[in-house]
Amino acid sequence: MDASPITPDLDEALRYAGVRADESGDMHRKMAEIAAQCMKTVTPRCTYRVSEIAWENGMPSLFGGQLVLPGRTAAVMLRSCSHAALLACTLGTTFDALARQVQARDFADALLLDGFGGAYVEAGCNAAEREIAAKLPGKYLTDRFSPGYGDLPLDVQSPLLALTDATRRLGVTLSESNLMNPLKSVTAVIGLSDTPQQARIRGCDFCAMQTRCNLRKAGKTCGT
């Protein structure tokens, strides 16, 4: 990615941290302090690759069949696309170390930092999307969607990380349950089409965080 500053949305970070809009006055100031502390040492790092899409038994196939995306979600999102980008982004182990330090001294601050980390890595993904769009003028991007969204299984993580070389480039690894390390890491697929894309996948049912989201456990949503 280019060296342009990545500036996450602090309101989004507060939502990720479980702070309601009507509670966010003083918390916004505190989040800004935590953001400044984090951004001194942590920067999102991303890598991506673009592949032509072929179709195998109604499923999009990338990189000559090295990755076939099963299920309805991928088929719907990529049905009018000629190409797809595979994206991986992480805040790295520096964020994990900072999170442990903050949690040891103040649990409330740790919750805010966790929310900021979620918004920060998403901002990194947004920056990578802008770079992809700039390199491919005339192409229209779909919303990005990740393993765990809709019916795209988590076991897609392993070939996605391999194809983007994310373990070597970014240090992202998988647990036995297909969860990524470092803590704030994201993988995604983005369709590329010659026509504007109207398909949108939103809501908790399509979110990769649905099984471990603090907002969802509290009966709230992030609004996306």
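Values reported hereafter were calculated over all heavy atoms of this structure, with side chains retained and with hydrogens, waters and symmetry mates removed.
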Compare all side-chain heavy atoms of [X] with those of [Y] and state whether any distance is below 4.5 angstrom.
{"X": "Met77", "Y": "Pro60", "answer": "no"}
{"X": "Ser61", "Y": "Val68", "answer": "yes"}
{"X": "Cys125", "Y": "Leu87", "answer": "yes"}
{"X": "Leu10", "Y": "Phe116", "answer": "yes"}
{"X": "Thr173", "Y": "Met180", "answer": "no"}
{"X": "Asp165", "Y": "Arg49", "answer": "no"}
{"X": "Arg144", "Y": "Asn126", "answer": "yes"}
{"X": "Val189", "Y": "Leu160", "answer": "yes"}

Return the minimal non-hydrogen interatomic distance between [X] and [Y], and the atom names on each side.
{"X": "Lys135", "Y": "Tyr48", "answer": "NZ-OH, 3.2 Å"}
{"X": "Gly58", "Y": "Ala75", "answer": "O-CB, 4.0 Å"}
{"X": "Ile132", "Y": "Ala85", "answer": "CD1-CB, 4.0 Å"}
{"X": "Ser185", "Y": "Thr90", "answer": "OG-OG1, 2.8 Å"}
{"X": "Cys46", "Y": "Gly124", "answer": "SG-O, 3.6 Å"}

Could you go through Tyr16 and Glu122, starting from their C-alpha distance and side-chain angles, then the distance that decides it, and tell me whether this counts as side chain to side chain donor-acceptor pair (under 3.5 Å)? CA-CA 11 Å; Tyr16 284 168; Glu122 288 295 324; 5.0 Å; no
Mind checking the [atom1]-[atom2] spacing from [X] to [Y]? Nearest 0.5 Å is all I need.
{"X": "Asn178", "Y": "Thr187", "atom1": "CG", "atom2": "OG1", "answer": "10.0 Å"}
{"X": "Leu62", "Y": "Leu86", "atom1": "CG", "atom2": "CG", "answer": "5.5 Å"}
{"X": "Leu170", "Y": "Leu91", "atom1": "CG", "atom2": "CG", "answer": "11.0 Å"}
{"X": "Glu56", "Y": "Leu69", "atom1": "CD", "atom2": "CG", "answer": "10.5 Å"}
{"X": "Glu129", "Y": "Leu141", "atom1": "CD", "atom2": "CG", "answer": "5.5 Å"}
{"X": "Thr94", "Y": "Lys40", "atom1": "OG1", "atom2": "NZ", "answer": "15.0 Å"}

Is it possible for you to say whether [X] and [Y] belong to one hydrophobic cluster, with membership spreading through side-chain heavy-atom contacts below 4.5 Å?
{"X": "Met59", "Y": "Ile190", "result": "no"}
{"X": "Leu174", "Y": "Val186", "result": "no"}
{"X": "Val172", "Y": "Ile6", "result": "no"}
{"X": "Leu161", "Y": "Leu67", "result": "no"}
{"X": "Val121", "Y": "Leu113", "result": "yes"}

Give a yes or no answer on whether the side chain of [X] reaches the backbone of [Y] with a donor-acceptor pair at less than 3.5 Å.
{"X": "Ser82", "Y": "Ser193", "value": "no"}
{"X": "Thr73", "Y": "Asp151", "value": "yes"}
{"X": "Arg45", "Y": "Arg169", "value": "yes"}
{"X": "Glu12", "Y": "Asp9", "value": "no"}
{"X": "Tyr120", "Y": "Cys38", "value": "no"}

Pair Lys184 + Asp96, salt bridge at N-O below 4.0 Å: no
Scan for side chain to side chain donor-acceptor pair (under 3.5 Å) pairs involving residues 98-107, sequence neighbours excluded, and state none if there are none. none
For side chain to side chain contact (heavy atoms under 4.5 Å, CB included), just list the numbers for Val19 and His28, CA-CA rounded to whole Å, side-chain angles, deciding distance to a tenth of an Å, and then say yes or no. CA-CA 9 Å; Val19 178; His28 200 285; over 6 Å; no
Does Lys30 form a salt bridge (Lys or Arg N to Asp or Glu O under 4.0 Å) with Glu33? I'd like the steps, not just the answer. CA-CA 5 Å; Lys30 185 64 176 176; Glu33 294 174 358; 3.7 Å; yes
Ile34 vs Val102, test: side chain to side chain contact (heavy atoms under 4.5 Å, CB included). Steps then yes/no. CA-CA 10 Å; Ile34 286 172; Val102 173; 5.9 Å; no
